[in-house]
J.: 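Before anything else, here's the structure in question.
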Number of protein chains: 2
Amino acid sequence: MQKTPVFLVEEEETQVHTTDSCLAAMKAVQDSLYVLNGKWKLPIIISLTFGNKRFTEIARDIPRITDRMLSKELQELELNMLVERIQDEASPSITRYKLTAYGKTLDPAIQELYKWGINHREKIKEE
Amino acid sequence: MQKTPVFLVEEEETQVHTTDSCLAAMKAVQDSLYVLNGKWKLPIIISLTFGNKRFTEIARDIPRITDRMLSKELQELELNMLVERIQDEASPSITRYKLTAYGKTLDPAIQELYKWGINHREKIKEE
DNA sequence: CGCTGTACTATCATGAATGATAGTGCAATG
DNA sequence: CATTGCACTATCATTCATGATAGTACAGCG
């Protein structure tokens, strides 16, 4: 069995060939976070998992968000095809936002972050 | 079969009682992100999932990170009990960092972010 | 017609996060 | 014993994300 040429010392096992897959993992995760970056993207997405919403409805869902931020983040989410702007057919002056199918693929990740957050809050309380 | 009281359907239904669980979800997710915030926390954690490492080893794993940032982030991760600083018993001048058991509980979330990141990169390539 | 609500955009200010650079004390190494 | 590597810390500069505030165009409503 040939080992790939790593820096080693002591228990070689500790360090064997970390870097490739490690780097790949870091990159992938950073790709995700890049799309979700900023303070408000996930709150917005979460708000929209509860139904299609109008601008002000989202704003009301998310404490302390400003119009400027909501507008900006929605645009970025649209660019990344996570969120879609839709016009009401009946009254076209009404705009709504909805999660795209692609946006919904974030659900498993959000679920995990949700679970961990809940758990973490518990843990903190115990101290 | 009783349904939990959810929103659904146009008009009033769209907004019925979203806010409570929605807010809870947002908060939990934000709790998670609060702990993982910054550019480097997840890369560090990922690096450490590949084995206990010394300061410079982690630094080498993560392109472009500076000593200052690595040091700072490691401290925060320690404070949050995700990472542990350990002294080698044989040669106590050697410091290593390891993921705590608690730190490992982040794994499912990281896995999902990883999967999504991979998938997203594919999607982008297709365009 | 005036008022309120919606869905924004524009401008400016600020603070926090990060980067760049330098320096420290200690250990091991040749 | 000089040099290199390790594991940091300190200081300063800069950028970027966010916040604060104001303003716009359009619509529906009474």
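Letters A, B, ... are given to chains in the order of the sequence lines, protein chains preceding strands, and every chain is numbered from 1.
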J.: Between C1' on C/dA27 and CD on B/Gln87, what's the gap in Å once rounded to a whole number?
T.: 13 Å
J.: Output yes when a side-chain donor or acceptor of A/Lys98 lies under 3.5 Å from a complementary backbone atom of A/Ile86, and no otherwise.
T.: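 The answer is no, because no donor-acceptor pair under 3.5 Å joins these two groups.
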J.: Can a salt bridge be assigned to the pair B/Glu57 and B/Arg54 using a cut-off of 4.0 Å between side-chain N and carboxylate O?
T.: no
J.: Is a side-chain N or O of B/Thr100 found less than 3.5 angstrom from the main chain of B/Met81, in a donor-acceptor match?
T.: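 Side chain of B/Thr100 to backbone of B/Met81, a donor-acceptor pair under 3.5 Å: yes, one is there.
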J.: Measure the distance from CD1 on B/Ile94 to P on C/dA28 and round it to the nearest whole Å.
T.: 8 Å
J.: Of the nucleotides C/dA27, D/dA7, C/dA7, which one has an atom closest to the side chain of A/Phe55?
T.: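 Minimum distance to the A/Phe55 side chain belongs to C/dA7.
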J.: Please list residues of residues 65-80 of chain B whose heavy atoms come under 4.0 Å from any atom in DNA chain C, ordered by number; otherwise none.
T.: B/Arg68, B/Met69
J.: Can you tell me how far C1' of C/dA27 sits from CG of B/Asp88, to the nearest Å?
T.: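 B/Asp88 atom CG is separated from C/dA27 atom C1' by 14 Å.
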J.: Using whole Å, report how far CZ of A/Arg96 lies from P of C/dG5.
T.: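 Rounding to the nearest Å, CZ of A/Arg96 and P of C/dG5 are 18 Å apart.
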J.: Between B/Gln87 (side chain only) and B/Thr95 (backbone N and O only), is there a donor and an acceptor less than 3.5 Å apart?
T.: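 Here the side-chain-to-backbone pair does not exist.
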J.: Start at the 5' end of DNA chain D and walk down; is the nucleotide closest to A/Gly38 or to B/Thr56 reached first?
T.: B/Thr56
J.: So what does B/Arg85 hit on the nucleic acid, given a heavy-atom distance under 4.0 Å: a base, only sugar-phosphate, or nothing?
T.: sugar-phosphate
J.: Keeping the roles fixed (side chain from A/Asp88, backbone from A/Ala90), state whether a donor-acceptor pair exists under 3.5 Å.
T.: yes
J.: I need the single residue from B/Ile110, B/Asp61, B/Ile62 that forms a side chain to side chain contact (heavy atoms under 4.5 Å, CB included) with B/Ile46. Which is it?
T.: B/Ile110
J.: Heavy atoms within less than 4.0 Å of DNA chain C: which residues of residues 25-33 of chain A have one? Give them sorted by number.
T.: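 When residues 25-33 of chain A is checked for heavy atoms under 4.0 Å from DNA chain C, there are no hits whatsoever.
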J.: Any donor and acceptor pair, going by atom type alone, linking the side chain of B/Ser71 with main-chain N or O of B/Arg68 inside 3.5 Å?
T.: no
J.: Are the side chain of A/Lys41 and the backbone of A/Asn37 linked by a donor-acceptor contact shorter than 3.5 Å?
T.: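 It does hold such a pair.
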J.: In whole angstrom, what separates A/Leu42's CG from D/dA17's C1'?
T.: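 Value for this atom pair: 16 Å.
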J.: CD of B/Glu57 versus C1' of D/dC8: gap in Å, rounded?
T.: 16 Å
J.: If I take atom CG in residue A/Asn37 and atom C1' in nucleotide C/dA17, what distance separates them, rounded to the nearest angstrom?
T.: 13 Å
J.: Hey, is the side chain of B/Tyr97 poking within less than 4.0 Å of OP1 or OP2 on D/dC6, counting only N and O atoms?
T.: no
J.: Tell me whether A/Lys125 is salt-bridged to A/Glu122, with the criterion being a basic N under 4.0 Å from an acidic carboxylate O.
T.: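 Here A/Lys125 pairs with A/Glu122 in a salt bridge, since their nearest N and O are under 4.0 Å apart.
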